[in-house]
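To keep things clear, I will list the structure first and then write my remarks on it.
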Amino acid sequence: MMKYIVALVALIFLACGYVPVASLSDKIFGEGVYVEITMDPQLPEASVSAKDTINLAVLTRLNNSLASKQKAQTIIDMRVLSVSSTPVAYDANGFVSHYRATVSLSFKVQNKNGTTFSTNSSGYYDYAASSTSALLIEEAKLAAVSNATIQALDKFISQMAYYGAQQNQNKQVSP
């Protein structure tokens, strides 16, 4: 029974024309990516977290490698534009019980073909502020900023996959 389910899922992916993001992004990034981050002195934690997160995404989600700036076929310049926390829920006494951390990122990509394009992306994540410990609230905030950064990077990766699919489609149409 399990063999039939696996075969059915594989057939659905093949029939629907499923293409992994990594294969689409290869058309944009080539082999070797250098990630440059412009640090915001007001947001050092978010900047460092964003750099680590995008490096991990290049390795795992794009199935690519990190390279030095001189050897990379693609350079991604990323900036943390803003990090904010806004109240989203209140307790019975009118005190804030939950916040939403929002992260906005800017990307400038120069790929192996010399093409440069820019895009912005944002993500958000909610966290509880009901603890009486400021340390626990700060830890929850940093975790929320990290999760919001991952969400913004997921959007960026989706945009790159879409761009790669468009590039692939244009090559198939051309003689």
Side-chain angles (χ1 to χ4, degrees), residues 20-26 28-111 116-164:
V21 169
S23 68
L24 294 174
S25 65
D26 280 348
I28 299 168
F29 295 121
E31 187 61 38
V33 176
Y34 177 76
V35 177
E36 185 170 18
I37 185 157
T38 304
M39 299 288 269
D40 186 337
Q42 295 176 340
L43 309 166
E45 299 92 359
S47 298
V48 171
S49 174
K51 169 89 170 169
D52 292 343
T53 304
I54 195 167
N55 283 341
L56 185 62
V58 166
L59 295 170
T60 59
R61 295 183 185 171
L62 300 178
N63 198 26
N64 209 319
S65 61
L66 297 171
S68 67
K69 193 171 188 176
Q70 294 78 19
K71 294 182 180 179
Q73 289 187 351
T74 298
I75 298 171
I76 300 173
D77 182 10
M78 182 176 64
R79 295 174 189 259
V80 177
L81 297 176
S82 67
V83 175
S84 63
S85 290
T86 54
V88 292
Y90 299 87
D91 64 12
N93 297 321
F95 294 105
V96 176
S97 63
H98 288 81
Y99 285 94
R100 174 168 289 164
T102 304
V103 175
S104 295
L105 304 175
S106 171
F107 298 92
K108 182 178 178 185
V109 180
Q110 183 175 359
N111 70 6
T116 302
F117 50 94
S118 301
T119 186
N120 293 337
S121 182
S122 64
Y124 66 89
Y125 197 83
D126 296 342
Y127 64 98
S130 56
S131 175
T132 56
S133 169
L135 182 61
L136 292 176
I137 293 172
E138 188 63 24
E139 284 179 6
K141 178 182 177 181
L142 289 175
V145 167
S146 178
N147 285 319
T149 301
I150 290 168
Q151 188 182 76
L153 287 170
D154 284 344
K155 290 178 184 178
F156 167 72
I157 290 168
S158 296
Q159 290 172 330
M160 294 301 97
Y162 176 77
Y163 182 74

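All values below were derived from every heavy atom in this structure, side-chain atoms included, with hydrogens, water molecules and symmetry-related copies excluded.
- Interatomic distance, I150 CD1 to I54 CD1, rounded to the nearest 0.5 Å: 12.0 Å.
- Distance check: S65 OG to K71 NZ gives 11.0 Å after rounding to the nearest 0.5 Å.
- The cationic group of K155 does not satisfy the cation-pi geometry with F107, failing either the under 6.0 Å distance to the six-membered ring centre or the 45° limit from the ring axis.
- In terms of modelled atom types and a separation under 3.5 Å, the side chain of N64 and the main chain of V58 share no donor-acceptor contact.
- Formation of a donor-acceptor pair under 3.5 Å by the Q151 side chain with backbone atoms of Y124 is found in this model.
- Looking at every heavy atom in both residues, A129 comes nearest to I137 through O-CD1, 3.7 Å.
- When atom types are taken as modelled, the side chain of Q110 and the backbone of I75 share no donor-acceptor pair closer than 3.5 angstrom.
- Distance alone, capped at 3.5 Å, places no donor-acceptor pair between the N93 side chain and the F95 backbone.
- Separation of atoms CG (N120) and CG (L81) is listed at 5.5 Å; rounding is to 0.5 Å.
- In terms of heavy-atom proximity, T74 sits nearest to V109 at CG2-CG1, 3.8 Å.
- In terms of heavy-atom proximity, H98 sits nearest to A128 at CD2-CA, 3.6 Å.
- Residues F156 and T119 have side chains in contact (heavy-atom distance under 4.5 Å, counting atoms from C-beta outward).
- Of all heavy-atom pairs spanning V88 and R100, the tightest one is CG1-CB, 3.6 Å.
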side-chain contact (heavy atoms from CB on, under 4.5 Å) between E36 and M78, worked out = CA-CA 6 Å; E36 185 170 18; M78 182 176 64; over 6 Å; no
Do M160 and F117 pass the side-chain contact (heavy atoms from CB on, under 4.5 Å) test, and can you show the C-alpha distance, the side-chain angles, and the key distance before you say yes or no?
-> CA-CA 10 Å; M160 294 301 97; F117 50 94; 3.1 Å; yes
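- With contacts defined as side-chain heavy-atom distances shorter than 4.5 Å, the pair R79/L105 does not qualify.
- Interatomic distance, OG of S133 versus CD of E138, reported as 10.5 Å (0.5 Å rounding).
- For OH of Y127, the number of neighbouring non-hydrogen atoms (other residues, nucleotides, ligands) closer than 6.0 Å is greater than 12.
- A67 and Y34 get closest at one heavy-atom pair: O-CD1, 3.3 Å.
- In this structure a side-chain-to-backbone donor-acceptor pair under 3.5 Å is missing from S146 to L142.
- Nearest heavy atoms, A72 versus V33: CB-C, 4.0 Å.
- The structure places NZ of K51 at 13.0 Å from CG of L56, a figure rounded to the nearest 0.5 Å.
- A donor atom on one side chain and an acceptor atom on the other are found under 3.5 Å apart for T38 and D77.
- Taking the side chain as every heavy atom from C-beta outward, S85 and K141 approach each other to under 4.5 Å.
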